[in-house]
There are 2 protein chains.
Amino acid sequence: MQEIEKKVTYSIGQFATIVGLSAPTIRYYEREKLLNPHRDHADRRYFTKTDVSWVKFLLHLKGTGMSIQELKLYVKWRAQGDATIPNRLALLKETRNDFMEKYRQVQHHLQILNDKISWYEKKETGASHTEEPFGDYLTRIGHSE
Amino acid sequence: MQEIEKKVTYSIGQFATIVGLSAPTIRYYEREKLLNPHRDHADRRYFTKTDVSWVKFLLHLKGTGMSIQELKLYVKWRAQGDATIPNRLALLKETRNDFMEKYRQVQHHLQILNDKISWYEKKETGASHTEEPFGDYLTRIGHSE
DNA sequence: GATTGACTTAAAGTCCACTTTAAGTTGTAA
DNA sequence: TTACAACTTAAAGTGGACTTTAAGTCAATC
């Protein structure tokens with residue numbers, strides 16, 4: 001049963017749909033050496049379930065802020081074997097550090113956005129007599145800046 | 001005392017430093033009509049504390065995912081007065097919705113990144129006999145995909 | 001056997017948010 | 001009064017991550 005499953009392959013179009021990218025993007029990733037699909041007798045790419053997992057993993061890394069260049073580096077190191085594990089680990093930890101920093105900032109941005117929405121809602125409801133400036137409002141609720 | 005405070009002004013260079021942008025970026029924002037600073041007798045821009053608060057607020061919105069185009073729209077509506085409050089509120093709420101969606105995705109990306117780091121750390125420590133593939137590891141800890 | 005749709009390539013184009021360049025003006029300090 | 005830093009403008013350039021174009025190949029269906 002698993003023997004049968006392992007033979008499943010996808011064309012670039014199918015693969016692109018599965019992973020949520022466009023076919024040109026898949027080709028672009030291949031040019032950047034993030035992927036290297038198999039080729040059939042007519043030189044057409046085909047992809048396996050392993051490729052699906054792999055690109056999904058890359059997209060997770062990308063989603064935490066890694067650039068294409070950093071992904072390339074990671075992929076290069078990976079191809080060089082276990083000796084580069086410290087390099088890869090360092091890269092991932094740095095990525096996580098940068099991510100956490102941005103994450104904190106973004107939470108603050110969200111807080112201000114929420115405050116502004118509340119302020120507008122209050123203004124809409126309270127009609128005319130509610131004329132408190134947004135800056136004062138922020139200070140009052142303890143979110144100055 | 002507040003009378004004195006109110007007269008504080010900043011040159012574009014000082015202002016840029018305060019808000020954490022470059023002077024050319026400030027000029028760019030002005031071209032995009034997000035800002036409009038005062039001018040002195042020699043046609044040089046000067047900025048007030050109100051401008052500082054305003055650009056900081058814009059940067060909070062930007063930080064939640066609003067594009068320059070969306071900020072321009074917001075600013076345009078703002079200039080049109082209270083009649084556009086519903087428009088602004090709708091824009092901010094849409095921004096928040098999009099933000100929350102991305103936020104959830106990004107949390108998942110982070111989880112996978114963390115898992116990968118743990119997996120490498122385990123591999124580094126456990127040395128040779130720890131040969132569990134990452135996919136299996138994810139499944140085992142309940143973070144498949 | 002012709003049409004269709006999905007594939008192939010290399011190269012050029014796009015979008016966003018700035019950044020840099022080039023040429024010139026102004027206020028202060030030596 | 002000359003040097004210098006900080007400002008002014010319009011326009012061109014940059015970087016990242018794709019996307020589009022153009023010209024062609026191939027396999028399956030009518």
Side-chain angles (χ1 to χ4, degrees), chain A residues 8-48 51 55-75 91 95 98-99 102 105-106 109, chain B residues 9-48 51 55-75 95 98-99 102 105-106 109:
Chain A
V8 175
T9 64
Y10 309 104
S11 70
I12 193 169
Q14 294 170 321
F15 183 70
T17 302
I18 290 166
V19 302
L21 298 171
S22 70
T25 300
I26 302 296
R27 293 191 192 99
Y28 165 66
Y29 282 7
E30 185 184 357
R31 277 200 302 284
E32 297 300 324
K33 311 206 191 278
L34 299 181
L35 263 45
N36 58 8
H38 312 273
R39 298 288 184 142
D40 70 12
H41 68 97
D43 210 37
R44 291 185 177 182
R45 294 167 183 85
Y46 68 89
F47 300 81
T48 65
D51 295 318
V55 76
K56 280 186 177 175
F57 173 63
L58 287 182
L59 292 177
H60 283 306
L61 294 188
K62 188 163 178 293
T64 59
M66 281 179 72
S67 66
I68 298 290
Q69 288 310 308
E70 287 171 324
L71 290 173
K72 288 177 70 168
L73 192 55
Y74 181 85
V75 170
L91 176 56
T95 298
D98 296 352
F99 177 89
K102 278 198 178 177
Q105 283 168 220
V106 125
H109 297 321
Chain B
T9 64
Y10 309 105
S11 70
I12 193 170
Q14 294 170 322
F15 182 71
T17 301
I18 290 167
V19 302
L21 298 171
S22 70
T25 300
I26 302 296
R27 292 191 192 99
Y28 165 65
Y29 283 6
E30 184 184 356
R31 277 201 301 285
E32 296 300 324
K33 311 203 191 278
L34 299 181
L35 261 46
N36 61 10
H38 311 271
R39 299 286 184 142
D40 68 12
H41 67 98
D43 210 38
R44 291 187 176 178
R45 294 167 182 85
Y46 67 90
F47 300 82
T48 66
D51 295 319
V55 76
K56 281 187 175 173
F57 173 62
L58 287 182
L59 292 177
H60 283 306
L61 295 187
K62 188 162 179 293
T64 60
M66 282 179 73
S67 65
I68 298 291
Q69 286 311 309
E70 288 169 324
L71 290 175
K72 287 176 71 169
L73 193 55
Y74 180 85
V75 170
T95 299
D98 296 352
F99 177 90
K102 279 198 177 178
Q105 283 168 219
V106 125
H109 298 321

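None of these values were measured; they are calculated from a predicted model. In what follows, chains are A, B, ... by sequence order, proteins preceding strands, each numbered from 1.
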For this session: For B:Ser22 and for A:Ser11, locate the closest nucleotide of DNA chain C by heavy-atom distance; then report the residue assigned to the nucleotide nearer the 5' terminus.
Result: A:Ser11

Exercise. Which residues in residues 12-20 of chain A have at least one heavy atom lying under 4.0 Å from any atom of DNA chain C?
Worked result: A:Ile12, A:Gly13

Exercise. Looking at residues at least two apart in the chain, or sitting in another chain, which of them share a salt bridge (Lys or Arg N to Asp or Glu O under 4.0 Å) with A:Lys72?
Worked result: A:Glu32

Check residues 34-42 of chain B and write down every donor-acceptor pair under 3.5 Å in which the side-chain atom is one partner and the other belongs to a residue at least two apart or another chain.
unit_1: B:Arg39; atom_1: NH1; unit_2: B:Asp43; atom_2: O; d: 2.9
unit_1: B:Arg39; atom_1: NH2; unit_2: B:Glu30; atom_2: OE2; d: 3.3
unit_1: B:Asp40; atom_1: OD1; unit_2: B:Ala42; atom_2: N; d: 2.9
unit_1: B:Asp40; atom_1: OD1; unit_2: B:Asp43; atom_2: N; d: 3.2
unit_1: B:Asp40; atom_1: OD1; unit_2: B:Arg44; atom_2: N; d: 2.9

Problem set entry | N/O (side chain, B:Thr25) to phosphate O (OP1/OP2, C:dT19) under 4.0 Å | yes

Exercise. Near DNA chain C, which residues from residues 32-47 of chain A have a heavy atom under 4.0 Å away?
Worked result: A:Arg39, A:Asp43, A:Arg44, A:Arg45

Between the protein and nucleotides 10-16 of chain C, which nitrogen or oxygen pairs are less than 3.5 angstrom apart?
none

Exercise. How would you list, by chain and number, every residue that makes a side-chain contact (heavy atoms from CB on, under 4.5 Å) with B:Thr95, sequence neighbours excluded?
Worked result: A:Leu113, B:Thr64, B:Met66, B:Leu91

For this session: Using ring-ring contact (aromatic ring centres under 6.0 Å, His included) as the criterion, list what pairs up with B:His109, not counting sequence neighbours.
Result: A:His60

Exercise. Are B:Lys62 and C:dC18 close enough that a side-chain N or O sits under 4.0 Å from OP1 or OP2?
Worked result: yes

Problem set entry | Between C1' of D:dG16 and CG of A:Leu71, the distance in whole Å | 13 Å

Exercise. Taking only residues two or more places apart in sequence or in another chain, which ones pass salt bridge (Lys or Arg N to Asp or Glu O under 4.0 Å) with B:Lys56?
Worked result: A:Glu145

Exercise. side-chain contact (heavy atoms from CB on, under 4.5 Å) with B:Thr17: which residues, sequence neighbours excluded?
Worked result: none

Exercise. Who passes ring-ring contact (aromatic ring centres under 6.0 Å, His included) against B:Phe99, sequence neighbours left out?
Worked result: B:Tyr103

Problem set entry | Where at least one partner belongs to residues 12-35 of chain B, residue pairs that pass ring pair (Phe, Tyr, Trp, His ring centres under 6.0 Å), sequence neighbours excluded | B:Phe15-B:Phe47

